[in-house]
Amino acid sequence: MGDLKLTGVTKDFGTARVIHPTDLQIRDGEFTVFVGPSGCGKSTMLRMIAGLEDITSGTLEIDGKKVNDLPPSKRGIAMVFQSYALYPHLNVFENIAFPLRVDRRPEAEVRQKVGAAAEVLKLTERLQHKPGELSGGQRQRVAIGRAIVREPSVFLFDEPLSNLDAALRGEMRVELSRLHAKLANTMIYVTHDQIEAMTMADRIVVLNAGRVEQVGSPLELFHRPVNRFVAGFIGNPNMNFLPATGLGTTPEGVALQIQNGPRVTIPVEGNVANGAALNLGIRPDDLRPDPDGLPCRVDVVERLGNSTVLYCVAPGGGQICMVTDGSTRATPGEAIGLGFDPKAAHLFIENGRALPRRHVPVDLDRIPTARTA
Amino acid sequence: MINRYRWWELVLIYAGMALFLTFMLAPFVEAFMVSLRPLAEVFRIPYRFFAEGMSFANYRQIWISQPMLGRWIINSFGIAVAVTILSMMCSIPAAYAFARFKFKLRDGLLSLFLAVSMVGAAVLIIPLYKLMLALGLLNTYAAMIIPGAAFTVPTGIFLMRSYFMRIPAELEEAAYVDGASRLYTMRRVILPIAAPGMVVVAITTFITAYAQQFLFALTFNSKNHLNPLPVGLYQFFGHQEVRWNELMAASIVGVLPVLVLYVFLQRYIVAGLTAGAVKE
Ligand SMILES: Nc1ncnc2c1ncn2[C@@H]1O[C@H](COP(=O)(O)OP(=O)(O)O)[C@@H](O)[C@H]1O
Ligand SMILES: [Mg+2]
């Protein structure tokens with residue numbers, strides 16, 4: 001079992017409040033990713049769950065039991081650190097066996113458990129090596145092995161892939177997803193990389209400046225971000241934001257005037273006053289060339305083969321990014337009109353809150369998550 | 001790195017080193033030569049480097065003319081070992097606390113330790129004498145061991161602290177998450193990783209203790225059988241004459257254990273002193 005419940009959890013360092021009151025529930029077996037920019041409090045949150053930091057106020061329950069005052073080893077958790085935290089003087093076998101040795105388990109059991117973990121992690125050949133003789137990916141797996149042998153109900157990972165190069169990171173992502181499918185434990189995974197969050201998570205918790213901005217499945221966050229921060233953070237390349245002025249609400253949605261651009265009506269719920277300052281959000285993939293659209297100028301062209309990324313200058317001087325097909329003939333300096341389907345756009349009112357969209361291209365309730373698949 | 005120096009640069013470098021080493025080693029060479037000469041040749045004018053009748057006879061004679069010599073050497077060694085053990089038993093936990101825990105006056109205390117070690121034993125020898133008198137420790141091994149340890153602790157703390165600070169805190173957190181107690185973590189994780197550092201600290205402490213025991217023994221001890229070698233050597237100063245040749249032979253015999261130790265452990269010392277200086 002591995003149900004987690006945070007109620008009104010906060011964290012202060014001295015007088016600085018690093019985590020604002022947070023309520024969060026994580027279900028057994030879920031792969032939850034905490035994502036957010038550097039310094040937003042992800043590690044602090046994870047370390048409070050682990051028991052490495054005191055919880056200033058609020059309660060943390062694991063499997064219905066309050067664990068605020070329990071040491072890490074009594075919480076049924078195992079943690080994998082960003083630096084791997086392997087013991088350099090012990091070989092791989094003893095590194096993985098460490099928690100079992102602490103617990104004074106019999107030698108036969110230690111051998112059997114370490115052997116099994118090494119099998120899963122393809123480390124059998126390396127058991128007699130010291131961590132210093134291993135590659136980054138292998139060290140990472142040893143750290144995971146040490147977590148596995150404890151048979152925790154909750155795995156905690158703090159940016160485990162950030163020390164690896166891009167290719168290896170891609171491989172390890174897949175391996176971690178596989179591991180989760182095999183072990184079916186609750187996993188809480190911290191990262192600042194939204195791609196890791198999108199690819200591995202059943203549920204994503206977006207954090208910003210010590211607050212939870214939104215909790216949801218990857219596609220929920222992608223298609224229904226609740227505010228401008230989440231919209232800008234999730235999705236690659238980042239969403240474009242165009243300043244606009246409200247022209248009132250119609251049955252079709254909100255009418256508005258894009259600054260230095262055309263008038264459009266966006267199909268969203270909610271009322272907008274005439275003259276209200278708005279932000280229109282459009283993902284780069286949702287833009288297309290349109291002679292009647294927003295008149296822009298191509299600035300930089302990035303050809304990726306299967307697609308091309310155009311960085312354009314908008315009439316007001318802002319930058320707009322567009323993803324188009326790989327065979328586009330656009331060249332820097334060229335004038336281009338950018339259009340979009342109003343259904344694909346997001347609309348944010350003054351305080352950054354999003355107005356609910358009427359149309360979402362996928363039926364979010366029917367997309368299986370990694371876990372239910 | 002191939003042929004970085006021209007030949008004349010190499011000549012200059014080696015000439016410089018030779019000059020430096022001459023200054024450093026000449027006293028040792030002369031001590032050794034004196035220890036080989038008969039007493040008459042020691043005072044001969046004009047001086048001759050290779051004297052007549054040179055032999056190792058003095059190395060046999062010293063044990064006869066000073067039957068306590070062996071005892072002094074053992075005392076010296078024993079006192080230095082005891083000082084090292086006692087000093088490390090104090091400095092390791094203290095250094096760990098200084099490296100890892102936050103407490104009030106931590107930095108102040110650390111500076112205080114350093115200040116004490118800078119003042120040095122010689123300045124404090126009279127108060128120390130009073131203290132030893134009051135505690136009834138005069139004329140015991142303890143009188144030579146305890147102050148010796150006290151004055152080596154600050155350096156020990158400082159060195160060990162920097163080794164401990166280099167060990168990432170995440171290692172300890174990982175052990176803590178796995179249910180290890182502080183002591184278990186210390187024993188199984190921290191100390192093994194800090195072992196090269198501990199060897200360095202032990203050796204420097206031993207050498208310091210060996211060198212500084214003279215002062216404490218001279219002041220706090222008047223029992224000949226408790227004396228360490230440097231004090232015992234004074235008994236080669238006779239009423240009529242100083243038997244320099246035997247004195248030098250005894251000195252060399254006394255220094256030899258430290259020298260041997262150093263030769264065996266020097267690769268640890270160099271490795272330990274430079275460890276972490278370069279990113280691995
Ligand atoms: N031990 C600490 N003492 C004081 N402030 C801290 C401490 N640890 C973290 N912080 C502060 O808390 C905030 C969140 O840190 P952290 O949780 O490490 O962020 P993240 O992991 O999201 O990058 C940062 O502003 C950081 O400076
Ligand atoms: Mg962090």
Side-chain angles (χ1 to χ4, degrees), chain A residues 13-14 43 46-53 70-91 94-105 110 130-133 139 142-152 154-160 163, chain B residues 88 92 95-97 99-107 160-202 265 267-268 271-280:
Chain A
F13 283 116
S43 296
L46 198 71
R47 291 166 58 85
M48 283 196 291
I49 295 172
L52 289 170
E53 297 281 2
L70 290 186
S73 54
K74 298 263 159 58
R75 295 187 181 192
I77 55 104
M79 182 149 171
V80 176
F81 292 82
Q82 179 172 357
S83 66
Y84 316 146
L86 301 182
Y87 308 116
H89 58 297
L90 300 178
N91 63 22
E94 287 302 327
N95 262 288
I96 297 179
F98 191 88
L100 305 174
R101 300 272 188 229
V102 171
D103 216 18
R104 297 175 192 283
R105 302 281 182 84
V110 172
K130 291 273 171 67
E133 301 161 340
R139 285 180 210 186
V142 176
I144 294 172
R146 196 170 59 190
I148 289 180
V149 293
R150 300 195 57 208
E151 296 170 355
V154 182
F155 274 103
L156 306 175
F157 295 92
D158 192 354
E159 311 227 7
N163 289 350
Chain B
M88 304 256 319
I92 288 175
Y96 183 74
R100 276 290 188 270
F101 303 139
K102 284 206 177 88
F103 49 90
K104 271 188 194 160
L105 298 178
R106 180 180 66 176
D107 299 343
M160 282 315 299
R161 176 174 154 269
S162 64
Y163 285 107
F164 287 140
M165 290 202 311
R166 246 184 258 145
I167 300 176
E170 283 198 348
L171 286 188
E172 281 167 75
E173 290 181 344
Y176 178 52
V177 168
D178 288 342
S181 65
R182 277 251 180 229
L183 276 180
Y184 186 93
T185 310
M186 189 90 186
R187 200 159 49 83
R188 285 294 311 272
V189 178
I190 302 301
L191 292 184
I193 296 175
M198 280 167 25
V199 173
V200 173
V201 176
L265 294 177
R267 63 193 185 90
Y268 284 105
L273 286 177
T274 55
V278 187
K279 197 161 173 264
E280 281 151 30

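Lettering follows sequence order; numbering is per chain, from 1.
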Looking at [X] and [Y], what are the two nearest heavy atoms and their distance?
X	Y	value
A/Pro88	B/Leu171	CD-CD1, 4.1 Å
B/Val177	A/Arg150	O-NH1, 3.0 Å
B/Ala174	A/Ala85	CB-CB, 3.9 Å

Starting at [atom1] of [X], measure out to [atom2] of [Y] and round the result to the nearest 0.5 Å.
X	Y	atom1	atom2	value
A/Tyr87	B/Ile190	OH	CD1	9.0 Å
B/Ile193	A/Leu90	CD1	CG	7.5 Å
B/Glu170	A/Asp158	CD	CG	7.5 Å
B/Tyr176	A/Met79	OH	CE	13.0 Å

Looking only at B/Thr185, B/Val189, B/Ile167, the option with the highest number of non-hydrogen pairs under 4.5 Å against chain A is B/Val189
Under 4.5 Å to a heavy atom of chain B? For A/Arg47 that would be side chain
Within the 4.5 Å heavy-atom criterion, are A/Val102 and B/Arg188 side-chain neighbours or not?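 Not touching, per the 4.5 Å side-chain cut-off.
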Point to revise | Under 3.5 Å donor-acceptor, A/His89 side chain and B/Ala195 backbone | key: no
